[in-house]
Visitor: 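Got a structure for you, questions after.
The basis for the numbers below is simple: all heavy atoms, side chains too, and nothing from hydrogens, waters or symmetry mates. Within every chain, numbering begins at 1; the chains are lettered A, B, ... in the order of the sequence lines, protein sequences first and strands thereafter.
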Number of protein chains: 2
Amino acid sequence: MNPTIHDVAKQANVSISTVSRVFNNPDSVGKEMRERVLQVIEELGYAPNPFASGLRDNRSMVIVAMIPDIRNSYYAEMLSGIEEVALSKRYNVIICNTIQNEERFLEYVKYFVKKKVDGLIFASTEITEFYKKNFDALNIPVVLASTEGRAWDLPSVRVDDVQASYDATTFLINNGHQEIGFISGPSHLLVPNVQRYEGYRKAMQDHQVPVSEQHVVYAEMTFDAGYEAMSRLYAKMPHLTAVYAASDAMAIGAMKFLHEQGLEVPRHVSVMGFDNLELSRMISPGLTTVAQNIYEIGKSAGELLFQGIENRDQDLQSVTIAHEIIVRGTVRNRRLKSDSER
Amino acid sequence: MNPTIHDVAKQANVSISTVSRVFNNPDSVGKEMRERVLQVIEELGYAPNPFASGLRDNRSMVIVAMIPDIRNSYYAEMLSGIEEVALSKRYNVIICNTIQNEERFLEYVKYFVKKKVDGLIFASTEITEFYKKNFDALNIPVVLASTEGRAWDLPSVRVDDVQASYDATTFLINNGHQEIGFISGPSHLLVPNVQRYEGYRKAMQDHQVPVSEQHVVYAEMTFDAGYEAMSRLYAKMPHLTAVYAASDAMAIGAMKFLHEQGLEVPRHVSVMGFDNLELSRMISPGLTTVAQNIYEIGKSAGELLFQGIENRDQDLQSVTIAHEIIVRGTVRNRRLKSDSER
DNA sequence: TTGTAGGCGTTATCAT
DNA sequence: ATGATAACGCCTACAA
C-alpha cells in the first residue's frame, strides 16, 4: 500500500494538516517543521492520492483530446502539441478516437468525459447541434481545433483557410498556370472545405482566370480518394496544367494517378497540396504545399483550454494560426519557358 | 453540480445502498425497485463519481501508453490498437511521449503514473535497469510493445525480428540480388537492430552470398538519417543492386538519395523496407517491405495488459505477431533478364 | 503556527 | 431484499 498523509504525519510527528499544508501552502508552515516533513515525504515516497483530492476538489488534472483518428498524421501532430502543453501544466491527456462517429462520441462522453475531465479539445467533425448540446451538458471548457463553432461561437484555433487557399491558388497562377483543377474535400464536410473552395475561387476570379464547377471535383480527404478523384478531374479537364488539392493526402493520391498515366510531376502537371504533412517532404519530388503549423495549433488549443480551466468564467478568444507556402518540387514555373512544356 | 447517489436515492425513495446495488449487482435488487431506480437514474442523468469509486477501490480505469513520439506513424498506429481494446473495456488511455528521454520518463512516472493508473504499456526504448526498477516500483502490470525485456523477462508483444529480417533478405536473394547493402538502425539501440542484423546476415550466409561489415551502414531510424546513410552505403558499395533498410522511414530516405543520384528504383537499384507504414504504399513506386501488423501489436499488448489487470497474480505470456512480406514496386527480379539491367 | 474535525461520493459489510 | 454505517485519503474552515 502506498503511504498516506497519515503515515507521513506520524513519522514526522506532526498533524496531517501540516503535511497537507506543506504541499498546498508551504509558506504557512514553520521552516523546521516544513523541512522535517519534506524529508519524511522523500523517505516514504509519499504522493497525494489523486482520487482523494479529486473527490474533494472535483478536479482530475486530465483533459481529453477528441480527434477522428490518431493514425492520421495531421491529428497525431496536433496531439503532440496538446500533450506538450499539458505536460508542462502537469496535466494528462486522454485520447478519444471518435472515428467521426456519433455513437462512439456518445460512448466516450458517457463513460469517460462525464467521469470528470477538466477540459476538452475537440478536433473531429463539423460541430452540429448534437455536439454543441453535449458540450454544454459537460459543463467544462471546450476548445475547437481546426474546426469552427459556426452559429455557436465556441472558441477555436485554426488557420485562415480562405486566405491560405487563396494564397495557394495565387501561387499557381503566378507560376503561369491557368488551367487549375481543384480537388476539394467532401461537400458535406463544410469546414474547411467551404473556405478552401472559396479561397480558390476568389483567387481565380481576382486574377481573371476562368473558373467553374468544371474545374472542381469532390472526394474524401484521403490518399485513396485523392487517387480516384484525380481520375475524374483528368477526365473533365484533360488539358489541366496544375492540380490543387485541399489536403496533402489527396494531393499525393493524385500524384500516384498521374504517375500511372505516364504524366510526370511537375513536368507535365504541377501539384499543390494543403497541410504540409511530414510525408510531403519524403516523396520525390517533395510536395509544394500550404503549411499549417499543426503542432502550433495543438499547442495553442491547449493553452487556450488551460486559460479556460484556470479561470472558468473567462471568455476564450479564438486564435488564428499563420500559414505559409512551402515550395518544394511539384510546381513548375511555366513562365520560364522550358524545352518540354505541355 | 452533478447528481449523487443520494439524490437518486431520495428521488426514488430507497436507500443509497439500493442504488449502488442497481449498479454493481442488479440481480440482488427486487424487480420493481430496480426499475424505479433505473428510471430515476435516467431522469437525473446520474453516473457514479469515479473519484469516489477510485478512492474506495484503488482503480482508475486508466492505462498509460508510453511511446517515444506520436508523430511517428509507427507508434500512432500502435496507439490506435491499444485505444481500441481500452475503449471496449471502458478504460481510458493516457499518452506519454517520452521522446526517448529518461528525465521526461521520470516526470511522467512521478506526476502521473504514480497517481494511479491501472496498467502500463511501454513501447519506448531499450529496457535498462533504470526502467525496470521504475516499473517495479509502480507495482502495476507492465507490457512491452515492440521491444523486449532482455534479462528481466517482462512480457512483450512483438514480431520475430530475426525471422522477418531473414525473410526480407531471402526475398531479395530469390530475386537475383547478391550485392545487397543493409542500412541498420543505430547500434546503440539493441532492439530491434541486433535481431534484424542477425536475420540479414544469416540469410546471406545460408544462401552463400558473401557478406561483411562492408555491406552495412548504421543510422538513426528516420527519413533524414536514411538519406544520409544511403550516401555512405553507396560510397562503400557502388555496385550494389539492392538496399535493405531496417525501417521504412530509412528506406524512403534512401530512395530520395538514389533518386537524386539519377538512379531509378527499381530499375537500377531495388529497395526493401521494414514496417509497412501507411505512407509506404503512397509513394511511387510503392515500397516493398516487411509488414508488421502494428495495429495488432497494440491490440495484443492491450489485451495482455488487461489480462494482467484483471488477474493480478497471473504470469503474462509474451506474444509474437506474424509478419508478412508486402510486394509492391521497389524490388526488381533480376532473374527475369530485362533490357536495361545494371 | 499548528491541530481537530467534517465532508467529498462510493461501496461493502453487517444487521434487519 | 433492503437499509445503516464505516472507510477510502485529502483538504480546509475553524479552534486553539
Side-chain angles (χ1 to χ4, degrees), chain A residues 1-41 44-62 90 110-118 139, chain B residues 1-41 44-62 90 111-112 114-118 139:
Chain A
M1 205 47 214
N2 281 330
T4 74
I5 198 169
H6 289 99
D7 301 327
V8 177
K10 200 177 299 171
Q11 188 77 216
N13 248 303
V14 296
S15 76
I16 58 164
S17 352
T18 304
V19 180
S20 178
R21 274 191 282 261
V22 167
F23 263 86
N24 303 294
N25 193 3
D27 295 341
S28 71
V29 177
K31 187 157 182 286
E32 293 131 72
M33 232 174 195
R34 185 172 59 229
E35 273 164 14
R36 181 146 43 105
V37 171
L38 244 18
Q39 170 150 11
V40 176
I41 286 174
L44 268 48
Y46 166 77
N49 178 318
F51 297 137
S53 341
L55 182 55
R56 248 203 124 266
D57 311 341
N58 248 315
R59 299 196 333 156
S60 62
M61 304 298 280
V62 170
R90 305 261 134 96
K110 189 162 165 199
Y111 290 104
F112 303 143
V113 182
K114 235 185 195 162
K115 292 195 178 185
K116 219 83 311 162
V117 145
D118 296 342
N139 200 27
Chain B
M1 205 49 212
N2 281 328
T4 73
I5 199 170
H6 289 99
D7 301 327
V8 177
K10 200 175 299 169
Q11 189 78 215
N13 248 302
V14 297
S15 77
I16 59 166
S17 330
T18 303
V19 180
S20 179
R21 273 190 284 262
V22 168
F23 263 85
N24 303 294
N25 192 4
D27 294 340
S28 70
V29 177
K31 187 156 182 288
E32 294 131 73
M33 235 177 194
R34 184 171 58 228
E35 273 164 12
R36 181 147 42 104
V37 171
L38 245 18
Q39 170 152 11
V40 176
I41 286 175
L44 268 46
Y46 166 77
N49 178 321
F51 296 137
S53 329
L55 184 55
R56 259 198 68 81
D57 313 341
N58 247 317
R59 299 197 332 156
S60 60
M61 306 297 282
V62 170
R90 304 264 136 94
Y111 290 104
F112 302 144
K114 234 185 196 164
K115 291 195 179 185
K116 218 81 315 154
V117 147
D118 296 342
N139 201 26

Visitor: Assuming nearest nucleotide by heavy-atom distance, tell me which of B:Val14 and B:Ala52 is located more 5' along DNA chain D.
Guide: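 The residue closer to the strand's 5' end, by nearest nucleotide, is B:Val14.
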
Visitor: Here's a test for you: under side-chain contact (heavy atoms from CB on, under 4.5 Å), which of A:Val37, A:Val8, A:Val40 qualifies with A:Tyr46?
Guide: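 When side-chain contact (heavy atoms from CB on, under 4.5 Å) is applied between A:Tyr46 and each of A:Val37, A:Val8, A:Val40, only A:Val8 qualifies.
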
Visitor: Is the base of D:dA4 touched by the side chain of B:Ser17 through a donor-acceptor pair closer than 3.5 angstrom?
Guide: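 Such a pair exists between side chain and base.
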
Visitor: On DNA chain C, compare the nucleotides closest to A:Asn13 and B:Ser53; which residue's is nearer the 5' end?
Guide: A:Asn13

Visitor: What integer distance in Å separates B:Asn25:CG from C:dT10:P?
Guide: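 Rounded to whole Å, this separation is 17 Å.
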
Visitor: Tell me: CG of B:Leu55 to P of D:dC10, nearest whole Å?
Guide: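 Going from B:Leu55 (CG) to D:dC10 (P), I get 9 Å.
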
Visitor: Could you state the atom-to-atom distance from CZ of A:Phe23 to C1' of D:dC11 in whole Å?
Guide: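 Roughly 13 Å, once rounded to whole Å.
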
Visitor: For the pair made of CZ in B:Arg59 and P in C:dT10, what is the distance, rounded to whole Å?
Guide: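 B:Arg59 atom CZ is separated from C:dT10 atom P by 16 Å.
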
Visitor: The criterion is side-chain contact (heavy atoms from CB on, under 4.5 Å); which residues satisfy it with A:Asp7, sequence neighbours excluded?
Guide: A:Pro3, A:Thr4, A:Leu44

Visitor: Would you say a side-chain N or O of B:Thr18 is under 4.0 Å from OP1 or OP2 of D:dT2?
Guide: no

Visitor: At under 4.0 Å between heavy atoms, what does A:Ile5 touch on the DNA or RNA strands: base, sugar-phosphate, or nothing?
Guide: sugar-phosphate

Visitor: Looking at the base of C:dG9, is there any donor atom on it, or on the side chain of A:Arg56, that sits under 3.5 Å from an acceptor on the other one?
Guide: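 Such a pair does not exist between side chain and base.
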
Visitor: Send over the distance from A:Glu32 CD to C:dT1 P, rounded to a whole Å.
Guide: 12 Å

Visitor: Kindly indicate whether the side chain of B:Gln39, heavy atoms from C-beta on, has any atom under 4.5 Å from the side chain of B:Arg36.
Guide: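 B:Gln39 does not reach B:Arg36 side chain to side chain.
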
